[in-house]
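So the structure is just underneath, and the comments pick up after that.
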Amino acid sequence: MRSALAAALAAIFTLGPAVSAGAQQPNLENVQVRVQPVQGNVYLLAGAGGNITLQIGRDGVLMVDTEFGPLAQKIMTEVRKLSKGPIRYIINTHVHPDHVGGNEELAKLIPQSPQQPLKIIVFLSLLLPTSRKNPMTRAGILRRARRGKAKTCYEL
């Protein structure tokens with residue numbers, strides 16, 4: 001269980017860059033990150049590839065996905081226009097580089113606090129193959145989670 005978890009978590013930081021290295025990465029120099037209000041304190045950041053969702057709260061910022069690494073500074077500039085609070089959570093929906101590519105670069109731009117560290121949350125089931133026999137596969141984890149016997153979410 002631990003080795004499967006360690007391998008899955010390592011994939012978040014290694015698979016994303018590896019996939020992007022093999023694929024043609026878009027030219028990100030001229031990309032503008034646009035902020036669109038959704039409702040209340042929820043915002044959409046649109047740039048290149050996957051979108052980012054932000055929820056701004058009294059305790060800080062929750063971010064869903066991080067786009068590409070080279071856009072990290074532009075993303076952080078837009079986040080700071082909305083909130084000076086700490087980015088407390090990043091939730092990754094899956095491992096495509098336009099969703100996790102900015103994790104490392106954004107983490108470098110976020111001041112770390114021992115009292116309130118940045119938490120990156122990944123859904124393990126998105127990283128594993130589907131199989132009915134192996135309980136550590138996507139289908140197996142989801143079956144076990146429905147019965148209350150497995151976690152589907154892990155914090156880095």
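This chain uses plain numbering: 1 for the first residue, then up along the sequence.
Considering only heavy atoms from C-beta on, I87 comes within 4.5 Å of R80 through its side chain. A heavy-atom distance below 4.5 Å is found between the side chains of M63 and L106. Under the 4.5 Å side-chain criterion, counting only non-hydrogen atoms from C-beta, N92 is in contact with D65.
Nearest heavy atom pair, residue R88 against residue G60, reads CG-CA, 4.0 Å. The minimum heavy-atom distance between A48 and L28, with the atom names listed, is CB-CD2, 3.7 Å.
Within the model, atoms CG of L118 and OH of Y89 stand 10.0 Å from one another, a figure rounded to the nearest 0.5 Å. With rounding to the nearest 0.5 angstrom, the CD1 atom of I75 is 7.0 Å from the CG atom of L45. Rounding to the nearest 0.5 Å gives a distance of 11.5 Å between CD of Q55 and OG of S83. Interatomic distance, OG1 of T53 versus CG of L44, reported as 6.0 Å (0.5 Å rounding).
Residues V42 and L54 do not share a hydrophobic cluster, defined by chaining ILVMFWY side chains whose heavy atoms lie under 4.5 Å apart. Follow the hydrophobic side-chain contacts under 4.5 Å out from V35 and you reach I56 in the same cluster.
Residue pairs meeting the side-chain hydrogen bond (donor to acceptor under 3.5 Å, both in side chains) criterion with at least one partner in residues 32-51, sequence neighbours excluded, are absent. Pairs of residues two or more places apart, or lying in two chains, that qualify as side-chain hydrogen bond (donor to acceptor under 3.5 Å, both in side chains) and include a residue from residues 66-76 are T66-N103.
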